[in-house]
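Take a look at the structure below.
As the structure is a prediction and not an experimental result, all values here were calculated from the model. First the proteins, then the strands, lettered A, B, ... as listed; each starts at 1.
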Amino acid sequence: MGFCNLGYCRKFINHVSSTNFHSRWRHPCSFLYSTTSNASPPPLGALHGHYFKNGSLQNTNLANYLLSLHVKSSNMNHAHKLFDEILHKDTQTWTILISGFARAGSSEIVFSLFREMQAKGACPNQYTLSSVFKCCSGESNLQLGKGVHGWILRNGVDGDVVLENSILDLYLKCKAFEYAECFFELMVEKDVVSWNIMIGAYLREGDVEKSLDMFRNFPYKDVVSWNTIIDGLMQCGYERLALEQLYSMVKHGTEFSAVTFSIALILASSLSLVEVGRQIHPRVLKFGLNNDGFIRSSLVEMYGKCGKIDKASTILKDVPLNFLRKGNFGVTRMEPKAGIVSWSSMVSGYVWNGKYEDGIKTFMSMIRELVVVDIRTVVTIISTCANAGALEFGKQIHAYIKKIGHRVDAYVGSSLIDMYSKSGSLDDARMIFGQINEPNVVLWTSMISGCALHGQGREAISLFEGMLNKGIIPNEVTFVGVLNACSHVGLIEEGRSYFRMMKDTYHINPEVEHYTSMVNLYGRAGHLIEAKNFIFENGIAHLTSVWTSFLSSCRLHKNIEMGKSVSKMLLQSAPSDPGAYVLLSNMCSSNHRWDEAATVRSLMHQRGVRKQPGQSWIQLKDQIHTFVVGDRSHPQDKKIYSYLDSLIGRLKEIGYSYDAKLVMQDVEEEQREVLISHHSEKLALVFGIINTLHRTPIRIMKNIRICTDCHNFIKYASQLLERQIIVRDTHRFHHFKQGSCSCGDYW
DNA sequence: ATAGGGTTAG
């Protein structure tokens, strides 16, 4: 508490008072505008070159003005270049650049500039300092923040309410609550921002009562106060309460801001109040806010949730590709933060529509255009790569992180571990994990889940034990990983005891995922009775997912009677879920009960239930190639099919036989054999074989589970071709090598 | 120049 007393010394440092940021902001070149009021201003690049040539950059004021123009148009790479050319840098020069990078969220650059500035003997002013604090808050860099705060107190820099707010925010973001509360009490001048910071901080901590209390007792609420409380309540899971506040905001007469619209749209879609969302959309258009990245992404999410995918993708499609082009005057300019989000939502939107390729390509072109992409966005994209299983793109982004010199901390590391393990490279995931020594629960959980995904049950368990030894408290996600690990390897006893540990030692209430994992554990090991008892003992018989898992175990262990009774029940209670139909039909056909299988299929057809079309994809260099069953759309299709036919023949010679039973398709019976030999994973595999060098491992991703025939086929292929073949299905990875699979045919 | 919208693991 050494520097709790905020009696700033009134000693003015000369340059602080003499540097009036705002008055110099417009002044030096204003004549440019007055003479050409209607014409667009000359391109900034030309101005820059002009001044460079005639030596104007020696005039610091003029150079600063030019610098500020670059920063205002978010052209940070130009700004940085100009900055290097300015001969005599004053405090303002540094401040303009630093605040620009702070606004863009490039904290690392801000920190290094700040250090450089101090080393060069330029004295930071309150504007520089609030930018630095903003970055410290963003990165939760308490150490640096404290140091700078100490420096302020030692040097008696005159602070204003803005600076104090940024300090307050720093301590709250770093969870130094006692200190922050004391700081708040002692603030000489508090404004609405100070209150909003406090209210927001309590909500982040989940202290709804305290924040609501503060909010209600605060008479000078502005639109941000309302946004904060509404969004915070929503984040804390109090969606109804949030909606109430939204209504009182309207009653109160506070005008909506862009943020309010964005929050309201998310609220509407999370409460499934599609009508509310639809009412908001035209108002968004009326306010001209449809170019706001946040709002756009909320609209996409809302329409996506209510099944209007077309509408959502239209909203995405409206974004011109040069929307975010930064820099010159003639082009639409956006606030950098919103720009990054809009861009990021565009990438996510593509992914959400299954257009991984477009999404990641957009990212790559963005990197080329923007020098600065903040790390949060990068993390979002890494998780996109993880879900797409796009190893090559993921690697490029990993390289990009190295290039910009960002430290791989627990946050970034977790997403990289997830990306590598979901893309099939557990070794790379292990390598990242080995490089980070942080007792972070998410970090450890990603590694545990990665092992589980690859069937490395023992490794997952030893990681989990290691984590406990380090004193890291596991959470509910950790247990999902651990239980999955047990169920993939059939470690019944361990699974049971970890489930108990979760409830008794860590007081975590099991969620659907944990229950499903337990039912999976018992069921896959063939303990069907125990699985059934578990379901009833835990009162989870109303959950569709546990029965679906149970049903798939019935199929695995060929217990057709139990399977049938469960399916019947499922077809009644969840008639629109395709899972039960598919499983039941497959179970019937694999037991040669063709008629019953056909009945199930026609019932499904009658009820208009459609199964998710199976897709497989494989990445080759910069492209993802996607295949569906019987796909003829690929440019190499002739080559693929003829190779596939000859491969089937060669595999049959070494023992592969076509497995007739199984896998439902919405087609006539006689087409069955043809179809099965043209399953999407076979096409993707052949495409991979043709286009890569001998012995290169092949990685294939699938959006549904791999069928028995394909599993068998790939086993033989891995033997014949001496290739490692890695397949990711919805549940786990299969590593095929020399004729066998890492799952031990247990999936 | 400070606060609010998207942010890693199931």
**Item:** Base B:dG10 paired with A:Glu511 side chain (donor-acceptor, <3.5 Å)
**Value:**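 When only heavy-atom distances are counted, A:Glu511 does reach the base of B:dG10 through a donor-acceptor pair under 3.5 Å.
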**Request:** Return yes if the base of B:dA9 and the side-chain atoms of A:Asn475 contain a donor-acceptor N/O pair under 3.5 Å, otherwise no.
**Result:**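 Side chain to base: pair found, below 3.5 Å.
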Just compare [options] and give me whichever is closest to any side-chain atom of [X].
X	options	value
A:Lys134	B:dG4, B:dA9, B:dT2	B:dT2
A:Val162	B:dG10, B:dA1, B:dG5	B:dA1
A:Ile266	B:dT7, B:dG6, B:dG10	B:dG6
A:Tyr411	B:dG4, B:dG10, B:dT8	B:dT8
A:Ser166	B:dA9, B:dT2, B:dT7	B:dT2
A:Ser99	B:dT8, B:dA1, B:dA9	B:dA1
A:Asp231	B:dA9, B:dG6, B:dT7	B:dG6
A:Ser414	B:dG5, B:dT2, B:dT8	B:dT8
A:Ser130	B:dG4, B:dT2, B:dA9	B:dT2
A:Val223	B:dA9, B:dG4, B:dT2	B:dG4

Have a look at [X] and say if it touches a base, only the backbone sugar-phosphate, or nothing, with a 4.0 Å heavy-atom cut-off.
X	value
A:Ser257	base
A:Ala102	nothing
A:Lys190	nothing
A:Val379	sugar-phosphate
A:Asp409	nothing
A:Ser446	sugar-phosphate
A:Ala410	base
A:Asn484	sugar-phosphate

Just how far, in rounded Å, is [atom2] of [N] from [atom1] of [X]?
X	N	atom1	atom2	answer
A:Glu139	B:dT7	CD	C1'	12 Å
A:Phe261	B:dG4	CZ	P	21 Å
A:His514	B:dG10	NE2	C1'	8 Å
A:Leu168	B:dG4	CG	C1'	15 Å
A:Leu443	B:dT8	CG	P	15 Å
A:Met447	B:dT8	CE	C1'	15 Å
A:Met234	B:dG6	CE	C1'	11 Å
A:Leu543	B:dG10	CG	C1'	16 Å

**Asked** Do A:Glu459 and A:Arg430 meet the salt-bridge criterion of a basic N to acidic O distance under 4.0 Å?
**Response**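 Between A:Glu459 and A:Arg430 there is a salt bridge, with a charged N closer than 4.0 Å to a carboxylate O.
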**Item:** Salt bridge present between A:Lys175 and A:Glu205 (N-O < 4.0 angstrom)
**Value:**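 Result for this pair is yes, salt bridge flagged.
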**Request:** Quick one: pull up OG1 in A:Thr516 and CD1 in A:Ile540 and give me the separation to the nearest 0.5 Å.
**Result:**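 One finds 7.0 Å between OG1 of A:Thr516 and CD1 of A:Ile540.
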**Message:** If I take atom CG from residue A:Leu426 and atom CZ from residue A:Phe733, how far apart are they, to the nearest 0.5 angstrom?
**Reply:**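 With rounding to 0.5 Å, CG (A:Leu426) is 9.0 Å from CZ (A:Phe733).
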**Message:** Considering only residues two or more places apart or on different chains, which pairs with a residue in residues 221-232 of chain A satisfy salt bridge (charged side-chain N to carboxylate O under 4.0 Å, His left out)?
**Reply:**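 Sorted pair list comes back empty.
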Phosphate contact ([N] OP1 or OP2) by [X] side-chain N/O below 4.0 Å:
X	N	answer
A:Lys72	B:dA1	no
A:Gln235	B:dT7	no
A:Lys173	B:dT7	no

**Within 6.0 angstrom of A:Phe111 CZ, more than 12 heavy atoms from elsewhere** =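 Yes, because the 6.0 Å sphere around CZ of A:Phe111 holds more than 12 heavy atoms from other groups.
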**Item:** Sequence neighbours excluded - side-chain hydrogen bond (donor to acceptor under 3.5 Å, both in side chains) pairs with any residue from residues 431-448 of chain A
**Value:**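 Qualifying pairs: A:Thr445-A:Thr478.
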